[in-house]
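Following: one structure in structure tokens, then a few remarks.
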Amino acid sequence: MARNVFGGTAADAAENESGGRLPNLKGRVYLTQEDPNEVKDLLDMAGNALKDGLLTDERGMIPMFQGPDGIEQMWVDFNAGRVMLTPNDIGRRLKAHTESFDPHGSKQYTDGRLDGFLAKDKNQVNLPVNTRWLGLMNTVPRPDGDTIYQSNGVATYNFALRQNGSATFYQHTNTHIPVEIRAGAEVNANAFVINGNTFANGKGPFKINWEGAIDTGGDITTRGNVNVSGTVSANNIGSARVFSGTVDPATQGVTLKPGDIWVQYGS
């Protein structure tokens with residue numbers, strides 16, 4: 001810590017009890033009003049020790065001197081009782097303090113604390129390896145409500161992550177894709193994987209309920225049944241149809257086409 005400068009102002013005069021000045025007089029310096037130990041660690045403005053102690057000048061004024069490191073007040077006694085001295089450079093030090101870049105280190109501390117947080121004008125957070133950036137913990141066994149959501153207005157969500165673990169995506173127009181999952185590299189080419197067989201009620205873990213089409217460039221494999229109410233078209237099927245039963249389909253209002261097959265069984 002730096003030494004503070006005392007004395008040298010119009011208020012720093014050594015006086016007796018009657019108010020008379022005390023020129024060329026040695027004073028005793030203390031750290032407190034009651035401390036019995038005199039302070040010897042005093043320097044003049046050139047940095048030299050005050051070997052003869054603190055002396056007033058010919059006018060009875062206390063000249064400028066430097067106190068011990070970090071001391072903000074001292075007490076001096078010129079045989080008329082102890083009076084307090086305060087540094088004469090408080091204003092200068094305060095001005096330098098307020099004009100410095102980071103006087104308390106608060107900016108450095110804040111920058112360090114916010115280094116891993118997402119700024120409003122950025123969209124990237126650099127995370128160390130094996131570090132979780134965000135964790136959401138429920139406080140009740142069966143929570144309800146939204147944990148995270150994006151909304152266009154009141155109750156108009158684009159995305160909602162529920163506290164019960166489900167996620168809901170909304171398609172507001174026919175130009176928006178609610179969810180798009182793209183496959184990765186050959187190391188892991190699966191874009192979407194659901195592990196599990198059946199739930200307790202016997203329903204499968206995966207369901208598509210949509211009045212549209214499934215468009216894929218790969219294979220669709222299932223160990224269950226494929227139920228189709230419309231037409232199944234494929235390059236290796238053609239337009240032929242297969243009918244089976246005991247009655248000629250032509251008698252049942254079916255218009256047979258070339259290539260149709262009727263497999264009769266029973267009577």
Side-chain angles (χ1 to χ4, degrees), residues 1-140:
M1 300 181 68
R3 292 174 179 265
N4 292 324
V5 179
F6 296 83
T9 71
D12 296 318
E15 298 177 342
N16 57 27
E17 296 179 352
S18 301
R21 297 285 179 88
L22 302 173
N24 303 314
L25 183 66
K26 179 179 179 179
R28 297 180 298 278
V29 182
Y30 306 91
L31 291 180
T32 68
Q33 192 173 12
E34 295 83 14
D35 189 355
N37 301 313
E38 286 189 46
V39 176
K40 302 297 184 179
D41 183 17
L42 304 175
L43 305 178
D44 62 19
M45 296 308 295
N48 302 313
L50 298 180
K51 296 181 180 180
D52 298 327
L54 181 62
L55 300 175
T56 60
D57 62 14
E58 66 278 4
R59 301 169 299 167
M61 303 298 294
I62 301 174
M64 289 195 298
F65 68 96
Q66 300 180 66
D69 285 354
I71 299 301
E72 293 293 337
Q73 66 178 29
M74 291 189 297
W75 296 78
V76 62
D77 187 356
F78 289 97
N79 301 323
R82 298 185 187 187
V83 293
M84 186 174 65
L85 293 178
T86 57
N88 65 19
D89 59 348
I90 293 179
R92 177 180 59 79
R93 288 190 290 134
L94 178 61
K95 183 174 183 294
H97 176 80
T98 57
E99 292 177 351
S100 61
F101 177 70
D102 191 13
H104 301 139
S106 57
K107 184 180 185 301
Q108 180 181 4
Y109 171 81
T110 303
D111 289 346
R113 295 286 294 173
L114 297 179
D115 184 59
F117 288 81
L118 187 63
K120 293 177 64 177
D121 58 343
K122 296 181 180 178
N123 58 4
Q124 176 176 308
V125 176
N126 297 322
L127 298 179
V129 178
N130 297 326
T131 298
R132 179 184 292 119
W133 179 61
L134 176 64
L136 304 175
M137 183 67 67
N138 292 318
T139 58
V140 294

Report the distance from atom CD of Q73 to atom CE of M84, rounding to the nearest 0.5 Å.
5.0 Å
Using the rule given for side chain to side chain contact (heavy atoms under 4.5 Å, CB included), can you reason through V39 versus I71, listing the C-alpha separation, both sets of side-chain angles and the distance that settles it, and then say yes or no?
CA-CA 11 Å; V39 176; I71 299 301; over 6 Å; no
When you compare the side chain of N79 with that of L25, does any pair of heavy atoms fall below 4.5 Å?
yes
Rounding to 0.5 Å, atoms CG (L31) and CG (D41) come to a distance of 9.5 Å
Pair listing, salt bridge (charged side-chain N to carboxylate O under 4.0 Å, His left out) test, anchored in residues 27-38, at least two apart
R28-D77, E38-K40
Kindly write out the residues that satisfy side chain to side chain donor-acceptor pair (under 3.5 Å) with D102, not counting sequence neighbours, or none if the list is empty.
none
Not counting sequence neighbours, list each pair that qualifies as a ring pair (Phe, Tyr, Trp, His ring centres under 6.0 Å) and has a residue in residues 71-103.
H97-H104
Do the side chain of R3 and the main chain of D69 share a donor and acceptor less than 3.5 angstrom apart?
no
Indicate the atoms forming the closest heavy-atom contact of P63 with T56, along with that distance.
CD-CA, 4.3 Å
For D89, all residues meeting side chain to side chain donor-acceptor pair (under 3.5 Å), sequence neighbours excluded
R92, R93
Sequence neighbours excluded - salt bridge (charged side-chain N to carboxylate O under 4.0 Å, His left out) pairs with any residue from residues 44-58:
D57-R59
Residue pairs passing the side chain to side chain donor-acceptor pair (under 3.5 Å) test with at least one member in residues 12-26, sequence neighbours excluded, are T9-D12
So the ring pair (Phe, Tyr, Trp, His ring centres under 6.0 Å) pairs with at least one residue in residues 23-68 (sequence neighbours excluded) are F6-F65
Side chain to side chain contact (heavy atoms under 4.5 Å, CB included), paired with M74, selected from V83, T86, L42, T32
L42
